[in-house]
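Okay, so here's the structure we're looking at.
Note that ligands are numbered from 1 as they come in the structure, with each ligand's atoms numbered from 1 the same way. Treat the numbers as computed from the prediction; the structure is a model and nothing was measured.
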Amino acid sequence: MIIAIDGPAASGKGTLARRLAAHYGLRHLDTGMLYRAVALQAMRAGLPPTDEAAIAAAANTLDPALCDDPALREEGVGQAASMVAAMPAVRAALLQVQRDFARRPPGAVLDGRDIGTVVLPDADVKLFVTASAEERARRRHRELMERGEEAGYEAVLADIRRRDERDAARAVAPLRPAADAHLLDTTKLDIDSAFREARWIIDAHLNTGAGRRRE
Ligand code: DC
């Protein structure tokens, strides 16, 4: 079974994807980490942020050890990731890695921005996870405070809005729900409730003929 989960920053899709993967015994790939790793590799190599060919070459030779680097979680790397993610050559370089990961048995949960629309248009189940920008900023702000990082709520909200705008407005693979995605708004849901709703959607799929055929 292949599950595609898309949504904006801090919507809760990452936590949900991890929990669903554990519950259904599937592998999990946080595809945002790939874009973050490319951005970090480019920054550390001192590449000009507009040099698409050089950054795509970095994506083709991505150092797997970078995917565990704690610096990937930093806000600055997130903004840089959003910029490299707008480059068609970078997206093309990462496409096959994601498809290969998903198709290896027993299947996988991938979370990102374009999984249901571009990377895995034939995924068995697609979820589009959203929450209001204010609620996502509150969550991100709380997370930063817990990690001891200084950041005002207004600045976090502005960052979230800037990133939403860039991810949704780009020409290639913009952030948008696939026509056949199930929408899950987590503004008023805690993670346990969101997990329950997502399982309900997936179990309904598994109980249909389509679900049984594809397993
Ligand atoms: O989910 P995240 O914040 O770790 O993602 C970092 C950036 O990568 C985000 O701004 C958009 C981009 N991204 C993307 O364009 N496509 C994906 N499938 C995943 C992430």
Looking only at protein heavy atoms, which one is nearest to [atom], and how far off is it?
atom	result
atom 1 (O) of ligand 1	R113 NH1, 2.8 Å
atom 16 (N) of ligand 1	R91 NH2, 3.0 Å
atom 19 (C) of ligand 1	T31 OG1, 3.4 Å

With the threshold set at 4.0 Å, does a side-chain nitrogen-carboxylate oxygen contact exist between [X] and [Y]?
X	Y	answer
D159	R140	no
R142	E146	no
D69	R44	yes

*asked:* Looking at Q96, I want to see if its CD is surrounded by more than 12 non-hydrogen atoms of other residues, nucleotides or ligands under 6.0 Å.
replied: yes
*Could you walk me through whether T117 and D114 pass the side-chain hydrogen bond (donor to acceptor under 3.5 Å, both in side chains) test, one step at a time?*
CA-CA 5 Å; T117 50; D114 63 336; 5.6 Å; no
Give yes if a backbone or side-chain nitrogen or oxygen of [X] is under 3.5 Å from a nitrogen or oxygen of ligand 1, and no if not.
X	value
D111	no
D30	no
D167	yes
Y35	no

*Examine F101 and L127 and state if one hydrophobic cluster contains both, with Ile, Leu, Val, Met, Phe, Trp and Tyr joined whenever side-chain heavy atoms are less than 4.5 Å apart.*
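Unlinked, F101 and L127 end up in two clusters.
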[X] and ligand 1 - part of the residue with a heavy-atom distance under 4.0 Å:
X	result
K13	side chain
R140	neither
A9	neither

*asked:* Is Q79 close enough to touch ligand 1? Criterion: a residue heavy atom under 4.0 Å from a ligand atom.
replied: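 For ligand 1, residue contact (heavy atoms, under 4.0 Å) with Q79 is absent.
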*asked:* I'd like to know whether ligand 1 has R166 as a neighbour, heavy-atom separation below 4.0 Å.
replied: no
Under 4.0 Å to a heavy atom of [X] - the qualifying atoms of ligand 1, by number:
X	value
A81	6 (C), 7 (C)
R36	2 (P), 3 (O), 4 (O), 6 (C)
A85	12 (C), 15 (O)

_Nearest heavy-atom neighbours spanning T187 and S132_ =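 Between these two residues, the closest heavy atoms are OG1-N, 3.0 Å.
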*Closest approach of L189 and A194, non-hydrogen atoms and distance?*
CD1-CA, 4.1 Å
*Hey, what do you get for OG (S82) to CZ (R162), rounding to the nearest 0.5 Å?*
10.0 Å
*Listed partners of E134 passing side chain to side chain donor-acceptor pair (under 3.5 Å), at least two apart*: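 Result, side chain to side chain donor-acceptor pair (under 3.5 Å) vs E134: R161.
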